[in-house]
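Chain naming here is simple, since letters A, B, ... match the order of the sequence lines and numbering starts at 1 in each. Everything quoted here is computed from the prediction, not taken from an experiment.
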2 protein chains.
Amino acid sequence: MAEKMADKIVTEMAPGTPPRSAARPRKEMIAETKAKLIAAARHAFARQGYAEASMDDFTAGAGLTRGALYHHFGDKKGLLMAVVTQIDAEISDRLCEISSRADNTWRGFVDECVAYIEMSLEPEIQRIMLLDGPAVLGDPSQWPSQSACIRTTTASIQKLIDDGTIRPVDAEATARLVNGATLSAALWIASAEDPKAVSKKAVEAFLTLVSGLLVER
Amino acid sequence: MAEKMADKIVTEMAPGTPPRSAARPRKEMIAETKAKLIAAARHAFARQGYAEASMDDFTAGAGLTRGALYHHFGDKKGLLMAVVTQIDAEISDRLCEISSRADNTWRGFVDECVAYIEMSLEPEIQRIMLLDGPAVLGDPSQWPSQSACIRTTTASIQKLIDDGTIRPVDAEATARLVNGATLSAALWIASAEDPKAVSKKAVEAFLTLVSGLLVER
DNA sequence: TCAATTCACATACGGCACGTATGCGAATAA
DNA sequence: TTATTCGCATACGTGCCGTATGTGAATTGA
């Protein structure tokens, strides 16, 4: 632990720092510390769950102590919020890419939903985003990240309304309903004995359900 | 605390107990203790959340100690499970009654869903069943109570398939999707600034969505 | 009716995890 | 170069939980 400290100091002094305002390395160190804490927490929360994850343990795993955590994130909840925001952004990015890759808008929308279900099967996302996140931080719609992935879905739906593919409904409301449905499906599939079979049934039923949105099916 | 103990002893000795096998009062005392613990926990979990609720506090509120809790429920999780099972049964009952009161099956199904959304607006149900329950006990589909209300919805859907109102989908899969959608809607509404307005939008969108299930809409 | 046993529940103990207060030392600013 | 900021570690107190143990009332059997 003491040598690690020394390591850091060496590396940060290594590059030729311009004489005036060597402010960068300082900021970089801070950013690195934050990133380390978020990464460590993310692993711990995913593997053990939020409640069981000991701050002493996973901060030590990152070569730090709880002091750094409290300094940067306020408390354990604050750190969870940071982790959630990071994952939320990643999901949003992946969804955007998928929907933009499809031939037509409707196809893109469906692909997006299926992709969301698949992502929700990842244990990390289930545990952090679907189970512990809401319990500790309250409903996602209240999160500062404002659930980027909800906004993504809302945008997709709005596009479908605009181009006349689906009936004129409230885009956000529909996005939330669809989101909830896919989320529930994911939890179901993940805890099923035969995920493959259940997944097939879920997707089929989902397609039938969303066909209700179409102007003509 | 000591006098309370005395009270109990007096009341239980009061009625004329038949000579043979006075086993009832004993069983009744146990059932009463369990019920008290469940009720106290239910209040505490609803008001403060599972994690913040102190076992010492709410058992004392019921005139008991943690000793009784561990004896009957094993641990805090076990008690939460008992609370969840109780609430689950209540919800199921209410849903059954509502759907059976409607003129036709489809109407009953829709009423049931709307009622579910409304119930989910109750803080107690939100907190215990939708937030803490899944986080602590895992996905509802794994609960011993097997989520009675999911079964209720599944039954309703199966009936609708049988009488040709909706297209032949997998009943359970659809029930879960619909359930997830309504659940998500409830969380959204509950945390909205203007619940009335949001509720209206959610129900509208919901009706559009489930129209996809109908054979002819 | 009386002794033995069960068992519902309380008490006592140890430990872990958290939040706060405080201290140090390096980077910045003057 | 001196003063100050601030990122982070250390130290301390507290509350909550799980287990081990104790006790007295209810039950069983002769």
Side-chain angles (χ1 to χ4, degrees), chain A residues 1-13 17-37 40-41 44-45 48-60 62-80 136, chain B residues 1-2 4-13 17-37 40-41 44 48-60 62-80 136:
Chain A
M1 192 152 123
E3 2 148 344
K4 206 145 192 184
M5 212 50 192
D7 272 349
K8 271 197 247 172
I9 293 167
V10 168
T11 43
E12 100 181 296
M13 288 186 167
T17 54
R20 176 168 171 193
S21 177
R24 280 266 297 291
R26 171 81 157 195
K27 300 286 180 196
E28 282 173 12
M29 288 290 298
I30 295 171
E32 190 187 328
T33 297
K34 279 185 167 184
K36 273 190 197 169
L37 284 173
F45 292 162
Q48 322 173 27
Y50 175 81
E52 310 306 319
S54 159
M55 298 164 73
D56 278 315
D57 287 352
F58 68 72
T59 51
L64 296 161
T65 68
R66 276 185 10 242
L69 192 160
Y70 280 102
H71 184 74
H72 289 295
F73 300 99
D75 59 358
K76 201 180 182 183
K77 276 188 182 181
L79 183 52
L80 175 61
V136 176
Chain B
M1 188 151 127
K4 206 143 192 186
M5 211 51 191
D7 270 351
K8 270 197 250 172
I9 293 167
V10 167
T11 43
E12 102 178 294
M13 287 186 165
T17 53
R20 172 159 176 204
S21 178
R24 278 269 295 291
R26 171 82 158 195
K27 300 288 179 195
E28 281 173 13
M29 288 289 298
I30 295 171
E32 191 187 328
T33 298
K34 280 185 168 184
K36 272 190 199 170
L37 284 173
Q48 321 172 27
Y50 175 81
E52 310 304 319
S54 158
M55 297 164 75
D56 278 316
D57 287 352
F58 69 72
T59 51
L64 295 162
T65 68
R66 280 187 3 248
L69 191 160
Y70 280 102
H71 183 73
H72 289 296
F73 300 98
D75 59 359
K76 201 181 183 184
K77 276 188 181 180
L79 183 52
L80 175 61
V136 176

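- Considering all non-hydrogen atoms of both residues, Thr33(B) and Ala68(B) come closest at CG2-CB, 4.5 Å.
- Asp56(A) places its CG atom 9 Å from the C1' atom of dC16(C), with the value rounded to the nearest Å.
- For Ser54(B), counting side-chain heavy atoms from C-beta on, the closest listed nucleotide (dC17(D), dC8(D), dC9(C)) is dC17(D).
- In terms of phosphate contacts, Thr65(A) brings no side-chain nitrogen or oxygen within less than 4.0 Å of OP1 or OP2 of dT10(D).
- Note: CZ (Arg66(B)) to P (dA10(C)) measures 11 Å, nearest angstrom.
- Put simply, CZ on Phe73(B) is 16 Å from P on dC17(D), counting in whole angstrom units.
- Between Lys34(A) atom NZ and dC6(D) atom P the separation is 14 Å, expressed in whole Å.
- Atom CD in Glu32(B) sits roughly 14 Å away from atom P in dA26(D) (whole-Å rounding).
- A pairwise comparison of heavy atoms in Thr59(A) and Arg66(A) identifies OG1-N, 3.8 Å as the closest pair.
- At a threshold of 4.0 angstrom between heavy atoms, the contacts of Ala53(A) are confined to the sugar-phosphate backbone, with no base atom among them.
- Taking atom OH of residue Tyr70(A) and atom P of nucleotide dC8(D), one finds them 16 Å apart after rounding to whole Å.
- Note: Asp57(A) CG to Met55(A) CE = 11.0 Å, rounded to the nearest 0.5 Å.
- Between the NZ atom in Lys34(B) and the CG atom in Leu69(B) there is a gap of 12.0 Å [rounded to 0.5 Å].
- Rounded to an integer number of Å, the gap from Met55(A) CE to dT10(D) P is 16 Å.
- The separation between Ile30(A) atom CD1 and dA27(C) atom P is 12 Å, rounded to whole Å.
- Side-chain N/O atoms of His71(A) include none lying less than 4.0 angstrom from OP1 or OP2 on dC8(D).
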